[in-house]
Enquirer: 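One structure follows; several queries about it will come next.
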Amino acid sequence: MILVEELTKHFGPVRAVDGLSFAARPGEVTGFLGPNGAGKTTTLRMLLGLVAPTSGRALIDGERYADLDRPVARVGAALEATGFHPGRTARDHLRVVCRASGIAEDGVDEVLGLTGLADAAGRRVGGFSLGMRQRLALATAVLARPPVLILDEPANGLDPAGIHWLRGFLRHLADGGCTVLVSSHVLAEVEQTADHVVIVARGKVVRDAPLAELVGEADGLRVRTEHPAELAAELDRAGGAVHRDGDLLRVSGVDAAGVGRAALAAGAVLTELGAERSGLEKTFLELTMAELGGDP
Ligand SMILES: Nc1ncnc2c1ncn2[C@@H]1O[C@H](COP(=O)(O)OP(=O)(O)O)[C@@H](O)[C@H]1O
Ligand SMILES: [Mg+2]
C-alpha cells in the first residue's frame, strides 16, 4: 500500500508538488497520469526517499522509505532507464544488483525471461535500445519480488508490441497481489492497464477515481456521414440531441441501433460511428492542452 498525504515539494519558487494526496492499493495497477512537469517524478522520488518533502508524507506500508526494514525486498523501483554499466551484460547487471542487495542470484534467469530479455541476457547493455533498457530496469525492479512497485514512465521507448507486453506484465504482477504505481504522460499507455487513475497537473490531484468510472463518463456517439443534414433531421425526429460540425454529428439520447435506423430512414451513408471520447480522455486532453497553452 502506498499512501501520499498532503505531499508538497518546492524547488525554490517552483511548487513541483503541491499538497498531493492519494493511495495505491495492493492487487491494483494505479496509473499516475499527468502532462510533463506535473510533478510525477518528484512525487515518486519522494516515495523512494530520494527527495525530501517540503511538507506532508509519502509512505509505503505505513512507513517512510528510509524507515523500511530491508527496503529492496519491500519496494521495487524503475525511475530512469539509465545508470547501467555499458560494458556489463544484462545478466551480469542483475547479478551485481543481487550481490549488492543481498538477493539470491538464482532468480536472475527467470526475471530475464519475464521481461523478454532471455535472448539478450549475454549482450552488453551499452548496445541496448531504450526499450531494452526499460525492460532491464523493470527486471531490476522485480528482482527481489517486492510487493510494491514504483515505475516512472516505463513505457517510454517501448514499441507498440513492448507496450502491449508491459500491460500484461503489470496486470500479472497486480493479480499476484502487488501494489503497482506507474506514471505516464501518455493516457493510452495506462488506459488499458490501470484499475485506478490519479491524474495530476501542476503538482495537484485533478482526478482520483477507478478507471471504469472515468471511462464510463463517455457521453454520446460520434457519427460521420455523407448526408449530415438529412441524418441530423432524422435523428432529431427520433428524439436525439444532435450537434452538427460539418460532416460530423455528435449525438446523444439515441443509441447506435437508433443511429443505424435513422441512417436507413434518411438514406444516409455512414462513414464513422463510435463512442465520443471518454471523460478520462477529455479530462486528460484538456489538461495536457492547458499545459501547452493551446485548445483541446
Ligand atoms: N531538482 C529540481 N530542481 C528544480 N526544479 C525541479 C527539480 N526537479 C523537478 N523540478 C521541477 O518540478 C516540476 C515537476 O517536475 P517533475 O516532477 O519532473 O514532473 P513530471 O515527472 O510530471 O514531468 C517541473 O517544473 C520541474 O522543472
Ligand atoms: Mg517525470
Side-chain angles (χ1 to χ4, degrees), residues 2 29 32 36 40-52 60 65-66 68-174 176 178-186 189-190 193:
I2 291 171
V29 175
F32 191 39
N36 286 323
K40 303 180 297 295
T41 298
T42 304
T43 300
L44 302 185
R45 289 174 67 82
M46 286 193 277
L47 270 166
L48 294 166
L50 298 168
V51 171
I60 292 163
Y65 185 89
L68 286 174
D69 177 38
R70 254 183 83 63
V72 279
R74 306 279 294 278
V75 191
L79 289 192
E80 262 179 297
T82 56
F84 300 119
H85 190 300
R88 263 183 208 138
T89 67
R91 183 181 283 114
D92 283 343
H93 164 77
L94 294 174
R95 285 187 177 147
V96 168
V97 173
C98 284
R99 266 173 241 154
S101 314
I103 304 167
E105 283 178 49
D106 48 13
V108 164
D109 279 322
E110 194 189 340
V111 163
L112 284 164
L114 273 177
T115 50
L117 288 173
D119 293 340
R123 283 173 47 192
R124 288 176 202 278
V125 176
F128 274 19
S129 66
L130 178 57
M132 289 167 83
R133 283 167 198 265
Q134 288 284 23
R135 287 173 187 260
L136 185 57
L138 281 169
T140 311
V142 298
L143 203 48
R145 305 307 167 99
V148 175
L149 263 189
I150 296 176
L151 308 173
D152 195 13
E153 307 258 2
N156 265 1
L158 293 182
D159 56 18
I163 291 173
H164 179 77
W165 163 80
L166 178 66
R167 286 190 188 119
F169 183 67
L170 299 183
R171 183 76 266 149
H172 170 76
L173 291 167
C178 196
T179 303
V180 182
L181 178 61
V182 51
S183 80
S184 180
H185 67 287
V186 182
E189 286 170 5
V190 296
T193 324

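Heavy atoms only: backbone and side chains are in, while hydrogens, waters and symmetry mates are out.
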Enquirer: Tell me every residue that passes side-chain hydrogen bond (donor to acceptor under 3.5 Å, both in side chains) with S184, counting only those two or more places apart in sequence or in another chain.
Expert: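 By the side-chain hydrogen bond (donor to acceptor under 3.5 Å, both in side chains) rule, S184 matches E189.
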
Enquirer: Could you state the interatomic distance from CG (L94) to OG1 (T115), rounded to the nearest 0.5 Å?
Expert: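 Output value for this atom pair is 7.5 Å.
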
Enquirer: Does the pair S183 and T41 meet the rule for a side chain to side chain contact (heavy atoms under 4.5 Å, CB included), with working shown?
Expert: CA-CA 8 Å; S183 80; T41 298; 5.6 Å; no

Enquirer: Could you note down all residue pairs passing salt bridge (Lys or Arg N to Asp or Glu O under 4.0 Å) where residues 82-94 supplies at least one of them, sequence neighbours left out?
Expert: R91-D109, D92-R95

Enquirer: Please, which pairs that meet salt bridge (Lys or Arg N to Asp or Glu O under 4.0 Å) have at least one residue in residues 110-119, sequence neighbours excluded?
Expert: E110-R145

Enquirer: To the nearest 0.5 Å, tell me how far H93 NE2 sits from C98 SG.
Expert: 9.5 Å

Enquirer: Is there side-chain contact between V182 and P154, with at least one heavy-atom pair below 4.5 Å?
Expert: yes

Enquirer: Quick check for you: to the nearest 0.5 Å, what is the distance between L47 atom CG and D152 atom CG?
Expert: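 Those atoms lie 11.0 Å apart.
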
Enquirer: Rounded at 0.5 Å granularity, tell me how far CG in L130 sits from CE in M132.
Expert: 11.5 Å

Enquirer: Going by side-chain contact (heavy atoms from CB on, under 4.5 Å), V75 matches just one of T179, L181, L68. Which one?
Expert: L68

Enquirer: Mind checking whether V180 and T193 have side chains closer than 4.5 Å, heavy atoms only?
Expert: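 The answer is no, as the side chains (C-beta and beyond) never meet within the 4.5 Å cut-off.
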
Enquirer: Determine whether a donor-acceptor pair (N or O, by modelled atom type, separation under 3.5 Å) exists between the side chain of R74 and the backbone of V148.
Expert: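 Here the side-chain-to-backbone pair does not exist.
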
Enquirer: For R124, I'd like to know if atom CZ has over 12 heavy atoms of other residues, nucleotides or ligands within 6.0 Å.
Expert: no

